[in-house]
Amino acid sequence: MYTLGDATWPQVHRGSVLLVPVGSLEQHGPHLPFDTDTTIATGSSGERQSACWLPCRTEEFDLHAGRTETSLMLHLRPEAVHMDLAEPGDTRPLAEILPLMRAGGVAAVSVNGVLGDPTGATAAQGAEALTLMIEQTTMDVLAPGGVAVG
C-alpha cells in the first residue's frame, strides 16, 4: 500500500482504486481545530455526494463536533483537542433542526457550533469509529457499482 504522492507512474495503473480524502476547514465548536474534517480526511459534507462519493458517515453516530468527531480527533490528534472547552450544543435530531439550519446555518441552532454532546468522547471510541468507517468504505469500494476506477 502506498499513497499517490509516493507512487511512480507504473504503480498507478488502470483498475486501481483511488481514494481522495477531502475535508472542509470550518469551526467545530470551542474544543476542536478548524481542520477537524481534513484530519478525519473524509469530511462531513454528505450533501455534496454523487455516485462516486463515499461520505464520512460520522452522521450515523451524531452530527457536528459532537462525541464522534471529538472521539476521532482524540484518537488521531489528541494534542489538538481541548476537552476543557468541550460543551454540549444542540442535541435535537437532524430532522428537527434541518429546516432551521437551511434557513440560517449552524448558528441558527447552536451558539457554540456543536451539534451533539462531545463531553463523553474518548480516544477508544474514536479508534472504534475509525475502524468502522474504514470497514464500511472498503465494503462500498468492493461492492458492485463501487467507485473502483478502471
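Every heavy atom of this structure was used, including side-chain atoms; hydrogens, water molecules and symmetry mates were not.
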So do the side chains of P78 and M73 get within less than 4.5 Å of each other, counting heavy atoms only?
no
Test of understanding: with side-chain contact (heavy atoms from CB on, under 4.5 Å), list the residues that count as partners of Q27, not counting sequence neighbours.
F34, H64, V106
Which residues share a side-chain contact (heavy atoms from CB on, under 4.5 Å) with L76, sequence neighbours left out:
T39, I40, L130
Under 4.5 Å between side-chain heavy atoms, hopping through other hydrophobics if needed: is there a path connecting L98 to L100?
yes
Once side-chain hydrogen bond (donor to acceptor under 3.5 Å, both in side chains) is applied, what residue pairs with a partner in residues 99-109 remain, sequence neighbours excluded?
none
Suppose the criterion is side-chain hydrogen bond (donor to acceptor under 3.5 Å, both in side chains): which pairs have a residue in residues 115-126, not counting sequence neighbours?
S71-Q125, D117-T119
Note: H75 and A123 closest approach over all heavy atoms is CB-O, 3.5 Å
Where is the tightest heavy-atom contact between A80 and P33, given as atom of each residue plus distance?
O-CD, 3.5 Å
Give every donor-acceptor pair under 3.5 Å between a side-chain atom in residues 107-116 and any protein atom, sequence neighbours left out.
from: S110; atom 1: OG; to: N112; atom 2: OD1; distance (Å): 2.8
from: S110; atom 1: OG; to: G113; atom 2: N; distance (Å): 3.2
from: S110; atom 1: OG; to: V114; atom 2: N; distance (Å): 3.1
from: S110; atom 1: OG; to: V114; atom 2: O; distance (Å): 2.7
from: N112; atom 1: OD1; to: V114; atom 2: N; distance (Å): 3.0
from: N112; atom 1: ND2; to: E87; atom 2: OE2; distance (Å): 3.1
from: N112; atom 1: ND2; to: P88; atom 2: O; distance (Å): 3.0

Testing the 3.5 Å rule here: is there a donor-acceptor pair between the side chains of H28 and D37?
yes
CG on L74 to CD on E69, rounded to 0.5 Å:
12.0 Å
Give the C-alpha distance, both sets of side-chain angles, the deciding distance and a yes or no for side-chain contact (heavy atoms from CB on, under 4.5 Å) between I97 and L63.
CA-CA 11 Å; I97 62 174; L63 300 176; 4.0 Å; yes
Counting only N and O atoms by type, is there a donor-acceptor contact under 3.5 Å from the side chain of T36 to the main-chain atoms of L32?
no
In chain order, what residues pass the salt bridge (charged side-chain N to carboxylate O under 4.0 Å, His left out) check against E79, with sequence neighbours excluded?
R77
